[in-house]
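Throughout, numbering of the chain's residues begins at 1 and tracks the sequence.
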Amino acid sequence: KSNPKRVIPIMIENISSEKEYIRLNVATVLSEISAIYPEDVPLEIIVNQWSKEEKIKVSKELTNCISNISNNDPIKFKNHLNQILDTFSKSNSTLRLIIAKVFIDIAEKNHELIPFDVIQQLAIDEDSYIREIGIKIIGSVGKFYPKKSITIIQNGLKDPEWNVKNAATD
């Protein structure tokens, strides 16, 4: 942690190792480093590995890296949005939830970075926690899309899950 300029290249060199335990260790180290030095961790390499990673533990650590880097520099996130969305749609619910939470932070910083159609898809997702996040994002960016947002909030109020209804009332 004290010398990221030296450690990060070594980690990146091993991020796509055939051995899962090495990828997990690398992802864990990068996750911790990205929390302190997010500007030094290359998002493109992290997203590329994340999009092809098959092991959930490794993916979770890489997702944390993406979150740390994106919260520090939302524009970097936008540059990789299509790949992130593609992988998001194929991920398990835990990883989808972590990335959806990143979407909230990004949308709060700049409403133009997350396309409105992506927000709409979150608000109708099969997972109620993802729907809740979609509704919360609408609460943050809805003033820029008032007509579209009203329908989504109304649907949220009718949702069978209490967490989505609560998000819609907030």
Do [X] and [Y] come within less than 4.5 Å of each other through their side chains, counting heavy atoms only?
X: D117; Y: Q120; answer: yes
X: K78; Y: N110; answer: no
X: K165; Y: L157; answer: no
X: S70; Y: I106; answer: yes
X: I114; Y: F77; answer: yes
X: L85; Y: V118; answer: yes
X: L97; Y: K101; answer: yes
X: L81; Y: P115; answer: yes

Looking at [atom1] of [X] and [atom2] of [Y], how far apart are the two atoms once the value is rounded to the nearest 0.5 Å?
X: D40; Y: S34; atom1: CG; atom2: OG; answer: 10.5 Å
X: E32; Y: N68; atom1: CD; atom2: CG; answer: 10.5 Å
X: R23; Y: E53; atom1: CZ; atom2: CD; answer: 4.0 Å
X: E132; Y: I137; atom1: CD; atom2: CD1; answer: 11.0 Å
X: I84; Y: S91; atom1: CD1; atom2: OG; answer: 10.5 Å
X: M11; Y: C65; atom1: CE; atom2: SG; answer: 11.5 Å

Polar side-chain atom of [X] near backbone of [Y] as donor-acceptor pair, under 3.5 Å:
X: S31; Y: A27; result: no
X: N14; Y: I22; result: no
X: R131; Y: E126; result: yes
X: D86; Y: N82; result: no
X: E161; Y: N163; result: no

Shared hydrophobic cluster for [X] and [Y] (ILVMFWY, side-chain gaps under 4.5 Å):
X: I46; Y: I99; answer: yes
X: I45; Y: L95; answer: no
X: V58; Y: I10; answer: yes
X: V141; Y: I124; answer: no
X: I98; Y: L24; answer: no

Derivation of the side chain to side chain donor-acceptor pair (under 3.5 Å) call for Q49 and S16: CA-CA 7 Å; Q49 181 63 33; S16 58; 4.5 Å; no
Taking all non-hydrogen atoms of both residues into account, name the closest pair between [X] and [Y] and its distance.
X: P38; Y: K76; answer: O-NZ, 4.4 Å
X: N48; Y: Q83; answer: OD1-NE2, 2.9 Å
X: T169; Y: N166; answer: OG1-O, 2.8 Å
X: S149; Y: G142; answer: OG-CA, 3.2 Å
X: K5; Y: P9; answer: O-CD, 3.2 Å
X: D127; Y: D125; answer: N-OD2, 2.8 Å

Test log, rule side chain to side chain contact (heavy atoms under 4.5 Å, CB included), inputs I153 and I135: CA-CA 7 Å; I153 296 297; I135 298 292; 4.0 Å; yes
Verdict with reasoning, Q154 to I150, per side chain to side chain contact (heavy atoms under 4.5 Å, CB included): CA-CA 6 Å; Q154 288 172 334; I150 290 171; 3.8 Å; yes
Basic-acidic side-chain contact under 4.0 Å: D170, K136: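 Not counted as a salt bridge, because no side-chain N and carboxylate O are separated by less than 4.0 Å.
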Test: K109 and D105 ion pair at under 4.0 Å: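 Looking at D105 together with K109, the answer is no, because their closest N to O distance does not fall below 4.0 Å.
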Donor + acceptor pair across side chains of T87, W50 (<3.5 Å):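 No - no donor-acceptor pair under 3.5 Å links their side chains.
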Residue pair L30, I12: steps toward the side chain to side chain contact (heavy atoms under 4.5 Å, CB included) verdict: CA-CA 9 Å; L30 287 173; I12 294 303; 4.0 Å; yes
L122 and F103: CA distance, side-chain angles, deciding distance, side chain to side chain contact (heavy atoms under 4.5 Å, CB included) verdict: CA-CA 10 Å; L122 293 174; F103 292 165; 3.5 Å; yes
Plane angle bin for H111 and F144 - parallel if under 30°, tilted between 30 and 60°, otherwise perpendicular: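 Rings of F144 and H111: parallel, under 30°.
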Greater than 12 external heavy atoms within 6.0 Å of Y129's OH: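 It does not: Y129 OH has 12 such atoms or fewer within range.
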